[in-house]
Trainee: 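Below is one structure. I have some questions about it.
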Amino acid sequence: MLWLAVVVPDLPLLAFPDRPSPFAVTDGRRLVACDDKAGACGLHPGMPATESGVLCPDLCLRDRDEVAEGRVLSRLASILYRASPRVGVRPHGAVAQFTDQVTPFRDIRRVMDDLRGRLREAGIGGTMACAPTAEAALLCAVAEPGCILTGRDKWREFVAGLPVSCLPFPGSAAQLDELRIRTLGECMALPRAGRMRRFGAGMEAFFGRLVGERPEVFVSWQPPIVFSRRVRLSYALDNEEALLFALRRPLAHLTDTLRRHDAMTDRLTLALTGDGQTQTQVFCLTAPVRRGEVFLPLVRERFRDRTLPFAVSDVHVRCDCAQAREGTLALWAEGGARAEEWGVLVDRLQARLGSSSVCALRWHADHRPERATRELPWASPGHVSFGGMAEANHPLWLVDPPEALVVAHGGPRWQGRPLACLEGPERIESGWWDEAVVREYFVAHAGQGQRLWIFRTPGNEWFLQGYFA
Amino acid sequence: MRWSGQIGYVVMSDIRYAELHCLSHFSFQRGASSPVELVRQAAALGYHALALTDECSFAGLVAAHRAATEAGMKILAGVEVTLVEGPKCVLLARHVRGYAELTALVTRGRRAAKGRYHLEISDVLGIGDCLLLWCASDSTAAAVRPLAAAFGTRFWILGELHRTAADGGRIERLQAWAEEFGRPVVAAGDVHMHVRGRRALQDVMTAIRLKMPVQEAGYALFQNGERHLRPLASLKALYPSSWLAETVAVADLCSFRLDQLRYDYPQATPTAAGSVRRLARLAMRGLHGRYPDGIPADVRALAAHELRLIAELAYADYFLTVHDLVAFARSRGILCQGRGSAANSVVCYALGITSVDPSRMEVLFERFVSRERDEPPDIDIDFEHERREEVIQYLYDRYGRTHAAMTGSAITYRARSAVRDVARALGWEPALVDRLAGLLSWWDGTDVLEKRFADHRYDPGSPMFRQLIALVRQIAGQPRHWSQHTGGMVLSREPLSGLVPVEQAAMPGRTVLQWTKDDLDTMRILKVDCLGLGILTVLRKALAMLKEHGLGPGDLADIPAEDPAVFRMIAAADTIGVFQIESRAQMALLPRLKPRSFYDLVIQVAIVRPGPIQGHMVHPYLRRRAGLEVVTYPSSAIEKVLGRTLGVPLFQEQVIKLAVVAAGFSPGEADSLRRSMAAWHHEGDLAAFRERLREGMRRQGYTLSYADEIYGQIKGFGAYGFPESHAASFALLAYASAWLKCYVPDVYLCAMLNSQPLGFYAPAQLIADARRHGVRVLPPDIRHSGAETQLVVNGKRRAVRLGLDRVRNLSQTGCVAIGRIACRETRTADEIVQAAALSCADAVALARAGALYAEASRSQALWKGLGVMPALPLFAEPEEPDVRWPSWTQAEKVGADYRSLGFSLQGHPMAFLRQRAPQTIPIAALGGRRSGAQVVIGGLVISRQRPQSAAGLIFMLIEDDTGTANLIIKPEIGERHRALVLGAAALVVRGRLERGKEGVQHVLVGALEALSAG
């Protein structure tokens, strides 16, 4: 059995690919990682974040992005997956298991060189090492990068010589150092019961795994499911009906794939190629689905009344699928149908107009009328509260920017007609922190029953803000 | 912005209006203006009256009263309260009785918890002499009915209009309620600030209160800035005239004024004459006790003079109260001593309140009490700091919780807290907020903001920084919350809650007034300040040890005075640990001043202060003392005043006496003049005084040039002069502690270590100094040490055994549990650990300090410590096989000692580190080098300071095995070695030795290197 371990010590930094320098990452209170320029200023992981600004004034400080780190680790795992089917992800790297008799490659060194090249290309870097147990391989990757220990070498003696500081238990490592225990071997020589009492069962288990007395048990990393089908057509397509016909079979395959992996998808990418050009269309759903045929009406909507831009000879369908968390069928059939119809409608609108064109309007608590509503991209509409403005008499239809009114004969005029102020003045003075608003609002009557909402500024200028229904 | 529709501050004589609902900044984080600003603005606008109605608080009332008296404005006293059932209302006091009801109400409401209040409708129903104004709203209309019924014709509906869209409907709604309740509507403003321009600050305060940025506060912020004191014309345009007229009707019903309150001091005897007689009797008895060989004639005359003045000003009860307090302390064996100006009183000396013997020193009673002083006397008493609580509890028990309370004080915004809260309220990033706040120290003012930000490469001219700085300047000085003053206690004959509301303090069982020290002075309320002084604890513990072991005097009074050996020690600057004369500056001056008598010590205490040093008093005095300058006096009267300080005015009492003797002032007048000069205002008065002085001196025969010289000295000196009586009180304690250090340094060390924290030096330096004087110090040990440091006497030999409280991270319970076990010397450490049921953390702390298994290797001790577990009742402890542990080097042991004790008895780390830095010289050798020489020294960093008055200079103190050295680091060098300056534990320093005129030496740093202790 041979394990290959890759350790990426500056993983928190890699989560920010376009980072300036000097740069450091914090977990809120202390620094977790810093780059070379920051290190030159005297920063180091573990120091309080507030001190870092004092030592290095140009420092760019970011909060730890664990999601991005997870993505980097996934990338690392997928690179290792090329070499071995059993890959385990660790907090700072990954391990891959080889059985040293059965390996697709004869020489482990060539495997390591190959992996090193790929990791460098992916921008991950890191150090690697090989050893008969996974824990030993991880320790060696940090302490002695590039070393290869097989079952025939005296690897246990080597591991016993490693310093105590590389133990993954920082508190216990500090205590061992205080006891003047310098190497792992000395630590393992301590009486077992005493060691377990003082440092806990976790460290005992670790030592067991380290020397091979305990097996490694973990869940292997699985690559994500990707659906990709290319349809080469013998004839060129020029209308959407033909396109839909061509898509039927790939989408049926998509349904099968989803069922087989018990997965769902909410995003489809369609690449149309022809005449040397390629056009990509992306279709998103508000809720994940288990059937590929759901995309057909959206494609129809997208291309309705439009001819295809060029003669399409090649259609590539690509879809990322995620493991399903829960089922989609409700236990009792009730009211869910309405919600479904609403979702379908929004999908079709987004498909027709583009996903950024469909927005939700929401109340925002602000005294300034133009800031009182906000357009937000469509997500499931949550609870909309109207509190605080129940007494106000403000119209919904606002003019943006406010229209200047002509002042003649001592009063404002709109479309040539004089305005009579019915209600008011209502004084609004707020927003001094970004855009100050100092206005007096009136409800004005414009003849023929029309009511307007107008305001006056301190410079005695009049503007139209909105219309009452 | 100015609205063109508003007329300016022209008083419209046909409108009369009184503002009945107004909050000041004492409604914390709601009001944005001070009571003084509100009163002045109301007066400028021509209001008929102003009601100050803070939320369940009268904290601003006295300040408002003072401002109103100056401005000729009528003030109504009231509170705004939101009851638990919902209704919010304003209560106004009509007469004294109503005011007492309100203070009782506020007291009751604030009993709930600190900072909050809890009041129900039932609490308010019983109030008979107040008016109730209801903040009308739909939701509370039902709940307020019982109140409306109970208050009858004393109930009004508040009509508050703020130019919102709902104003029209609101007027109708209010008229409807008026008909329903059968009571009129009265106009009000719900005023939160005095001018519209405070709107931004008021929004920021709301954001701070809700703990969210202004951008997210939404409708919690007011829609506009109408909630200010509006001009009468605006009010006329906005409100119905009947509502406006009603405000004046309401205001005229209230005739309460703050000066109608009567405060009575607790009576010691049933009649005032009885108190005076009792005081005289006690004073005479005390004097006989103080002078067993006969009372000197001048002392007797002084006592008679003082007693006459006390009787005339009716302060006899006060003195008797203080005497009773001091007698209680003495009966419990608590050391105490009066300080400050009270030491000018012979009566205080007779009663045992102070200890400054008037026959050994000049006293001036008018510095303490005089007819012209418009303030009550203020006696400050220092008690042992560890037992001050007992004294305060005694006052509460003796006078009752309802008749005694502590003085309050408002904790206000300073630059640092203001920057933090305002930047957070403006929605800035938390990391940036922390960084900006970290640039300021707690003592910085708002004037350094632009420079400090610019120094750290922020742009103070950018819009967002300008906004921040402007708001910070406005909020600085405004109160954040209420707290108690350090020691002032107020006692009263009647329950205090009828005079001023009483709140809960943070400490349980403590109650605090809603008025500050200044407010109490304005209201002429007497108070006693009970302060804690560490050196008194030290002295008491040392004297108790002396008595216990029969080694010396057991009482402070029995310490032999004017001992030449003690003064020799002081003159040699061997004063580490001695009260008041142990600082670097003091030690530098002692060899030049060479105190030889008690009065020299008094001068030493007073002269080494920033004031005299900056005022160039020190050099002339030293030169004259050394005989280098001849002193002349223009007259014998002046000589009598300035003779004892060789012609250099050092003390406040001398300044007063000068004005009396040279210009014919009465002592009381001279004292009030001194105080007004110290306060830096009334330039006009100073000019008048100058004329009087010149005139008076000319009449006495002095030259005009001498008069100008005296005037210049008085003026320049008045701000920082020290009271002689205060210096004398402290000099007594300094002498006592010096005597103890001289004769029984081991006892003194024990007492000092057991009274930490106090003084200028850390335990490490005290121990090192004691060892240099031959004291044998034994390390903490689980088998021998007590919880505290103890003196171990073995026949003729004595040693100091350090206590377990020196061990860092040892819990209090563990310490006490070990101390309870008997006969520990005969037991093994294992047995003691078991018997005390120590936790693993405690055992590890002891092992790290070398106190657990002193003979074994430290590794073994730590191993055993880590293995300590609570004993299982059924299973015996399994035997552990022995492990061979490496032994530690001396250097490692010393390093471990420093980490766990803060010092080591086995050596100094620098002695071991010197091998790594062979170019360094011992710090003790610096004394032999000439000033200006280049030197290289190394040591542990003891302290770092960057005082903001010093233009970016950094001061560090490093210590090696031979002594300590001061370092001064210029800003450029500090920048270059920033990480080292801020973080290094040990340094090697290259620089220039500089020795100043006063003898203080320091090293001006040129280069720094780290000295790794690893």
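Proteins come first, then strands; the chains are lettered A, B, ... in the order of their sequence lines, and each starts at number 1. From a predicted model like this one, the values you see are computed outputs, not experimental measurements.
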Trainee: Measure the spacing between CD of A:Glu426 and CZ of B:Arg163 and express it to the nearest 0.5 Å.
Mentor: 11.5 Å

Trainee: Quick check for you: among B:Ser859, B:Gly225, B:Ser857, which has the greatest number of heavy-atom pairs under 4.5 Å with chain A?
Mentor: B:Ser859

Trainee: Roughly how far, to the nearest 0.5 Å, is the CD1 atom of A:Ile428 from the CG atom of B:Asn224?
Mentor: 8.0 Å

Trainee: Under a 4.5 Å heavy-atom cut-off, does chain B meet the side chain of A:Tyr441, its backbone, both or neither?
Mentor: neither

Trainee: Show the numbers, then the answer: is there a side-chain contact (heavy atoms from CB on, under 4.5 Å) between B:Arg848 and A:Glu178?
Mentor: CA-CA 9 Å; B:Arg848 285 199 171 119; A:Glu178 237 187 305; 2.6 Å; yes

Trainee: Around atom CD of A:Gln450, are there more than 12 heavy atoms of other residues, nucleotides or ligands at under 6.0 Å?
Mentor: yes

Trainee: When you compare the side chains of A:Glu429 and B:Gln223, does any donor N or O come within less than 3.5 Å of an acceptor on the partner?
Mentor: no

Trainee: Which distance, rounded to the nearest 0.5 Å, do you find between the CG of B:Leu221 and the OG of A:Ser430?
Mentor: 6.0 Å

Trainee: To the nearest 0.5 Å, how far apart are CH2 in A:Trp433 and CD in B:Gln467?
Mentor: 10.0 Å

Trainee: Between A:Gly42, A:Cys41, A:Ala436, A:Gly194, who has the most heavy-atom pairs with chain B when the cutoff is under 4.5 Å?
Mentor: A:Gly194

Trainee: Picking from A:Pro191, A:Gly431, A:Gly459, A:Ala189, which has the most non-hydrogen pairs under 4.5 angstrom with chain B?
Mentor: A:Pro191

Trainee: Check whether A:Arg192 gets within reach of chain B through its side chain, its backbone, both or neither, counting any heavy atom under 4.5 Å.
Mentor: neither

Trainee: Does NZ or CZ of A:Arg180 lie under 6.0 Å from the centre of the six-membered ring of B:Trp885, at an angle within 45° of the ring axis?
Mentor: no

Trainee: For A:Glu186, which atoms come within 4.5 Å of any heavy atom of chain B: side chain, backbone, both, or neither?
Mentor: neither

Trainee: Please find the pair of heavy atoms, one from B:Leu866 and one from A:Gln175, that lie closest to each other, and give the distance.
Mentor: CD2-NE2, 3.5 Å

Trainee: How long is the span from the CG atom in A:Leu61 to the CG atom in B:Leu432, to the nearest 0.5 Å?
Mentor: 11.5 Å

Trainee: Would you confirm whether A:Arg427, through its side chain, and B:Glu226, through its main-chain N or O, come within 3.5 Å as a donor-acceptor pair?
Mentor: no

Trainee: For B:Gln860, which atoms come within 4.5 Å of any heavy atom of chain A: side chain, backbone, both, or neither?
Mentor: neither

Trainee: Would the number of heavy atoms belonging to other residues, nucleotides or ligands and lying under 6.0 Å from CZ of A:Arg371 be above 12?
Mentor: yes

Trainee: Within the 4.5 Å heavy-atom criterion, are B:Tyr219 and A:Asp366 side-chain neighbours or not?
Mentor: no

Trainee: Using non-hydrogen atoms only, which part of A:Leu43 is less than 4.5 Å away from chain B: side chain, backbone, both, or neither?
Mentor: neither

Trainee: Does B:Val204 reach the side chain of A:Trp432, with side-chain heavy atoms less than 4.5 Å apart?
Mentor: yes

Trainee: So what's closer than 4.5 Å to chain A heavy atoms on B:Leu471: side chain, backbone, both or neither?
Mentor: side chain

Trainee: For each of B:Ala200, B:Pro886, B:Ala861, B:Gly218, tally heavy-atom pairs with chain A at distances under 4.5 Å, and name the one with the top tally.
Mentor: B:Ala200

Trainee: Between B:Asp434, B:Asp203, B:Leu426, B:Val844, who has the most heavy-atom pairs with chain A when the cutoff is under 4.5 Å?
Mentor: B:Asp203

Trainee: For residues A:His367 and B:Phe222, determine if any side-chain heavy atom of one lies less than 4.5 Å from a side-chain heavy atom of the other.
Mentor: no

Trainee: Report, as yes or no, whether the 6.0 Å neighbourhood of atom CE on A:Met196 holds more than 12 heavy atoms from other residues, nucleotides or ligands.
Mentor: no

